[in-house]
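See below for the structure under consideration.
Both backbone and side-chain heavy atoms feed into the values below; hydrogens, waters and symmetry mates do not. Order of the sequence lines fixes the chain letters, A, B, ..., with proteins taken first and strands second; residue numbering starts at 1 for each chain.
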Amino acid sequence: MPPAATDEKKPTAETPAVPMVNVQIDGQWYQFPKGTRMIEACRQVGKDVPHYCYHPKLTSPGNCRMCLVEMGMPPRLAPGQEPEKDGEGHQPIQWIPRPAIACANTVAENMGIRTDSELTRGCRHGVMELLLINHPLDCPICDQAGECRLQEFSVEHGTGGSRFREQKVKKPKNVDIGPRIRLDDERCIMCSRCVRFTDEIADDPVLGFTERGSHTVLAVHPGHELANNYSLNTVDICPVGALTSNDFRFQMRVWFLKETKSICTDCGRGCNTLIGSREGRVYRQTPRENNDVNSAWMCDHGRLNFHYLDSELRLSAPLVKDEGVHKESTWPKAIQRAATALKAHGGSEIAVVVSSRMTNEELFMAKRLIDTLGAEHVATVPRAGEPDAYLIAADKNPNTQGARLILGLEGDLAAGLDSVRRGVADGRIKAVVTLQEDLLTPEAGFDAQTLDGLEALVVLHLLANPTAQMASVVLPGAGFAEKRGSMINVTGRLQRLNKATEPFGQSLDDWEILRDLIQAIGGGNGIYLIEDVFKQLAAGVEEFEGLTLSKIGDLGVPLIETGETVPLLERERERIAKGQIVG
Amino acid sequence: MSEPTYKAGKQPHANEYRLIFRNIDREGWDTSIDTYLNEGGYGELKKALGMEPGQVTNEVKASGLRGRGGAGFPTGVKWTFIPPNNTKPVYLICNADESEPGTFKDRYILHQDPHQLLEGLIIACFAVGAHLAYIYIREEFPEAAQIVEKAISEAKAKGFLGKDIQGSGFDLEVYVHRGAGAYICGEETGLIESLEGKRPYPRIKPPYFPAAMGLYMCPTIVNNVETLCHVKHIVKMGGEEYAKLGTPRNTGTRILCVSGDVRKPGYFEVEVGKITMGQLINDMCGGLKEGRKIKAVIPGGSSAKVLRGDEKYTIGKGDDAKELSLLEIPMDFDTLMACGSMAGSGGVIVIDDSRSISWVLNNINNFYAHESCGQCTPCREGSLWMKKISDRIVAGTASPEDVDTLDSVARNIDGRTICAFGEACSWPTESFVAKFRDELTADTKADLSGTLLNPESKLAAAHLKSQQEAQKTEAKPVAV
Ligand SMILES: Cc1cc2nc3c(=O)[nH]c(=O)nc-3n(C[C@H](O)[C@H](O)[C@H](O)COP(=O)(O)O)c2cc1C
Ligand code: SF4
Ligand code: SF4
Ligand code: SF4
Ligand code: FES
């Protein structure tokens, strides 16, 4: 619907109004902006048109022919002839015997589309039959089964049987085309989505077709491999089981996976994801479309960086060190031990190192802890890296913005960390709490000798690590897939993580651990639910005012201005403006 | 200019009208520019350069010239499709990919009269405002490429190409580009992709109409070799005068290439629509071989729909309606279309009663299955399926139902593909089944119905049967 003329709050300098055209879809008249693709117009009114090659983020070659529909236009008028119109001002539609592809053609004034006519159905039957005659039909051993468009459209639009009496074309199977992906050429339906992705989005045009006709095969260019850091997106957009992920294939049937909407925490971009899990285990992450963050893509590194969640290093119970030996303990005992150790020091002797990989809620509880302890030394571990021209942010921490805002950190974060390091080295700092940071990494830059001089070292982490090894108390925390909470990405967008699996073993959600620790140090704090944390955060930090976890929604909300832009989105917008893609 | 004399056995038939092929197989003729200039060559170019470009286009429009590459689209009209507010460079491409089976006219022009082509091409470029042109020559014409390259350098040396042609201020460069052996490169958008260095995957139209979004997304005019040659003669004669050749809406001359079962196959340049199929076959080609009867004719290259020898064709409507036998059909665009086929590329393939229709169809299906570019589903999968079915019809391992399947596969391709190759590969099957179903069916065996002939489908069928039987036995105990 066009915006109402009286709506004065709308900024007037927006894009010039696109004229609307009247289009009849399955007998009903609708209005769409001129230039809308037929397939999108149909979708908007609930008439999904089946398609394989069309992808709104890529150019439209129109090669699969699955989206053919019956189309009509008003009759051609003789010069001077008045158009005949019905009561609503529409002209009669002259249906054209030749079907049109809905993916690449745009709507026009007085156009008619039939998504369910005999002609349209006949086209779909025909295309489905032709797609299947040379297909191996190895669904029982195919990883795509269950989320395969060929299967889905066969059921919906196919004929149920085959008239094919010939030998099928044989093609290469199980082809190694790169470090993370495998190709089955017999399953490929030559939709060219993967080819277009590598060419148009990843600027790495290593895929292409060779041979001709029915013998056409997808191949990687000789001497090259599909190895770019966005390669696994091709597996997502491949409508069939031709491209499969080495990491995921044969691990789990997709229909068993529970899907949880979350975000990637591998860098400050916070690509929106779906976490696929079953029975407490994460099997895969796939990108979830968010046109303010990651479009429909994510990088391979982030996608695959979840296996540590069930690695051998995972801490499964709280540990307390007695006479130099770590022993499994209970939560109340471990918390008590930590509280006691910390209470023995004055604020000027305590440093808290808080990870910018923690959620806002966890950071808020960390801030509470800092205040309760009166700790005068607070730092995070900055992680500056190389950005790329697509999605990867220079900031390798997912929530630096949150850490700054909630912990009140200003200026150079590295200098803050450096001052804690020096304090520990010169003995001014006698107790350290480190939250989800291993201090003995090159990034954190502490050394074992100086840490050894501490009187108290309390570690909250999810993995066993050298710092935990030295700690008097080790509190096992949760991984990103195990928690609900929020983070602020590099562009200042507040986004939500959701819990796909329960924390490993006896480990707990970090905010709960912190709540209990604060309680043990300073008494009751009235926090029982993550929502309570957020409520207090909203009350305490100005930027969060009026928000709740549920108000953040699946796609997040802009929270602060950082001036950062997303290179991949900039390019996407250019392409949309040029009409190359729908977007 | 002397009246040309021709090499022994190459004299034009009295029915011919030699405009384009005036110099083909001519005594004392060669491809050098001097020979060409001796006969007044490049005179029309000079004339055109003295006109306004739009005026040249108007003459071509007035001439009624229709493209000789296959589709028969009016050339002058095509030239005006370049967007009027265009600011990008305009390109012109000469389509010398001549690959449609049965067609061999462009080859003669390239081999024997390259300057005629160049002159027509330069005039066309001047008319449409192109300063860069390509001649796309199929790989199988290596000698033609050399000849045309030589002609280009000669023309350049004489100031007919390059900067400021003949002091007119008009610049033009022409390059030869050689194909790599694919029929689909003759399809204009496939050609353009190929020229851009990519696989010749035809583009969807809309939006990629070459005249607006062609080579490098710039306005591009693609014309056939013969079409461009006609432009020279239109400038010479004037559009109106040219339009007096041939018949209304089907003006000028065109070269028909006759192959197959006639005594004297070859090329014949005739006024469009002025001679009939019968005159062509019986008078000009010396008729059929001893004791043979005509079974069928494919009139416009192998993709044109077949016409049956003993059929009656009704053309015109109402009082004007006429019934024609095959041999009475005048060889023009509109009549052949009205008869259910097309003038296409001018390749007339004659089939006599010694031929097996199944074999002919299979031969055509083989070609198209081999040449499908494989980009879009119906043509990619359907062209090979049709070939495999017709393989079996020829081998005697098909059943009558296979003929029905064959026909329905063709209909699932026709009208549903990216480019006109879809029609090119399905029309033969559609028309052969429509007109010769009896013969095709006679080559099948009724007792093969439902029989599976290859190990793969046998395996699949055996599996299906065992499953069905398992279901039956499972179902038994339920019976009370
Ligand atoms: C499959 C296919 C093959 C074609 N091959 C040729 C060819 O070899 N030569 C040619 O001139 N036109 C060929 N055409 C026609 C061209 O697409 C185009 O229409 C023609 O070159 C335009 O020139 P004209 O207007 O002068 O005829 C082919 C078309 C199709 C669909
Ligand atoms: S790609 Fe789809 S249809 Fe093909 S084998 Fe895999 S699941 Fe089955
Ligand atoms: S591999 Fe998949 S995405 Fe690529 S062309 Fe084949 S079917 Fe399409
Ligand atoms: S119709 Fe055939 S030749 Fe044309 S684009 Fe489709 S597959 Fe290629
Ligand atoms: S979606 Fe493939 S042709 Fe339209």
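- Note: B:Lys388 leads B:Arg203, B:Glu401, B:Arg411, B:Lys388 in heavy-atom pairs under 4.5 Å with chain A.
- With a 4.5 Å cut-off on non-hydrogen atoms, A:Glu129 touches chain B through its side chain but not through its backbone.
- Under the 4.0 Å criterion applied to side-chain N and carboxylate O atoms, A:Lys173 and A:Asp184 are assigned as salt-bridge partners.
- Here the OG1-CG distance, from B:Thr429 to B:Leu406, works out to 4.5 Å after rounding to the nearest 0.5 Å.
- B:Arg199 touches chain A through its side chain: at least one heavy atom from C-beta onward sits under 4.5 Å away, while N, CA, C and O do not.
- For the atom pair B:Asn362 CG and B:Asp443 CG, the distance stands at 10.5 Å (nearest 0.5 Å).
- With a 4.5 angstrom heavy-atom cutoff, B:Thr405 touches chain A via backbone and side-chain atoms both.
- Listed options A:Lys168, A:Gln167, A:Glu211, A:Met190 were ranked by heavy-atom pairs under 4.5 angstrom with chain B; first place goes to A:Gln167.
- If you tally non-hydrogen atom pairs under 4.5 Å between each of A:Ile189, A:Ile133, A:Val127 and chain B, the highest count goes to A:Ile133.
- With salt bridges taken as basic N to acidic carboxylate O contacts below 4.0 Å, one links A:Arg98 and B:Glu423.
- Contacts between A:Ser214 and chain B at a heavy-atom distance below 4.5 Å involve backbone atoms as well as side-chain atoms.
- Between B:Tyr368 and B:Phe421, the two ring planes are perpendicular [angle over 60°; tilted spans 30° to 60°].
- Put simply, the side chain of A:Arg193 never gets that close to the backbone of A:Cys238: no donor and acceptor are under 3.5 Å apart.
- The parts of A:Phe164 that come within reach of chain B are both its backbone and its side chain, each placing non-hydrogen atoms under 4.5 angstrom from that chain.
- Contact of B:Ile389 with chain A is made through backbone and side chain together, with heavy-atom distances under 4.5 Å.
- The candidate with the highest count of non-hydrogen atom pairs below 4.5 Å against chain B, out of A:Gly126, A:Ala104, A:Ala100, A:Pro61, is A:Pro61.
- For B:Tyr201, the part lying near chain A is the side chain, with the backbone staying farther off; criterion is any non-hydrogen pair under 4.5 Å.
- Looking at A:Leu131, both its backbone and its side chain come within 4.5 Å of chain B, counting heavy atoms on both sides.
- For chain B, the nearby part of A:His215 is the side chain; its heavy atoms alone come within less than 4.5 Å.
- Between chain B and the residues A:Leu68, A:Thr106, A:Leu130, A:Asn134, the largest count of heavy-atom pairs under 4.5 Å involves A:Leu130.
- A distance-only check finds a donor-acceptor pair linking the side chain of A:Asn105 to the backbone of A:Ile101 [under 3.5 Å].
- For the side-chain contact (heavy atoms from CB on, under 4.5 Å) test with A:Val195, the passing option among A:Leu58, A:Val206, A:Thr234, A:Leu218 is A:Leu218; the others fail.
- Only the side chain of B:Leu384 comes within less than 4.5 Å of a heavy atom in chain A; its backbone stays farther off.
- Taking a cutoff of 4.0 Å between a charged side-chain nitrogen and a carboxylate oxygen, B:Arg392 and B:Asp402 qualify as a salt bridge.
- A donor-acceptor contact closer than 3.5 angstrom links the side chains of A:Ser192 and A:Arg196.
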